[in-house]
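Inspection log for the structure reproduced underneath, given as structure tokens.
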Amino acid sequence: MASQAERSYRGLKLPARTRLTPQRRAVLDAIEASGGRFTAIELFERARRSHPRLGLATTYRTLELLRRTGSLHALAGDARPAYVRCSPEHHHHLVCLSCGSVEDTELCSTPSQQALTRKHGFRAESHELEIYGTCRNCA
């Protein structure tokens, strides 16, 4: 459920005061239609089909808004900077280097908060994990 500081469009969380301009809706609709990972340029080109006056800067700003709310995740280890749509529950990503598919997994081997505090005196707020390899369809 969206908090008071957030609004939702097609299941994507945005900050509450975000304007839903026709250009931004074109980007959000393109995200909704995409499966797996996508780059900012791929998203921009897809969204421009429905809104030819869309600017690349609007695409990047929208991606950043969605990344900050947790609706998108940037795949940092990918050769091409790419994004994947995320669900709000705790999960990690399995990224296929052959076909580009991204699969969510709830498997997690992160140490417990107690272990981190005991060994390092560290208090974790969050963590991210992508595992790169070959999916079952490409193996």
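As the structure is a prediction and not an experimental result, all values here were calculated from the model.
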Give the minimum heavy-atom separation between [X] and [Y], together with the two atoms involved.
X	Y	answer
Arg85	Ile31	CD-CG2, 4.4 Å
Leu66	Lys13	CD2-O, 3.3 Å
Ser34	Arg46	CB-NH1, 3.0 Å
Cys96	Thr134	SG-CA, 4.0 Å
Ser50	Ala26	OG-CB, 3.7 Å

* Asked: Do Leu75 and Val102 pass the side chain to side chain contact (heavy atoms under 4.5 Å, CB included) test, and can you show the C-alpha distance, the side-chain angles, and the key distance before you say yes or no?
  -> CA-CA 10 Å; Leu75 298 172; Val102 179; 4.1 Å; yes
Listed partners of [X] passing side-chain hydrogen bond (donor to acceptor under 3.5 Å, both in side chains), at least two apart:
X	answer
Arg10	Asp29
Thr117	Gln113
Arg25	none

* Contact check, side chains of Leu14 and Leu28, non-hydrogen atoms, under 4.5 Å -> yes
For the hydrophobic clusters of this structure (ILVMFWY residues joined by side-chain heavy atoms under 4.5 Å, transitively), does one cluster hold both [X] and [Y]?
X	Y	answer
Val95	Leu63	no
Val27	Leu65	yes
Tyr9	Val84	no
Ile41	Leu54	yes

* Asked: Which residue pairs satisfy the ring-ring contact (aromatic ring centres under 6.0 Å, His included) criterion with at least one member in residues 16-61, sequence neighbours excluded?
  -> none
Would you compute the distance between atom [atom1] of [X] and atom [atom2] of [Y] and round it to the nearest 0.5 angstrom?
X	Y	atom1	atom2	result
Glu45	Leu56	CD	CG	9.5 Å
Arg136	Ser101	CZ	OG	10.0 Å
Glu103	Ile131	CD	CD1	10.5 Å

* In terms of side-chain geometry, is the basic nitrogen of Glu64 or Arg67 positioned less than 4.0 Å from the acidic oxygen of its partner? -> yes
List, one per line, each side-chain donor-acceptor pair under 3.5 Å for residues 15-22, sequence neighbours excluded.
from  : atom 1 : to    : atom 2 : distance (Å)
Thr18 : OG1    : Pro15 : O      : 2.8
Thr21 : OG1    : Gln23 : OE1    : 3.4
Thr21 : OG1    : Arg24 : N      : 3.1

* His73: what forms a ring-ring contact (aromatic ring centres under 6.0 Å, His included) with it, not counting sequence neighbours? -> His93
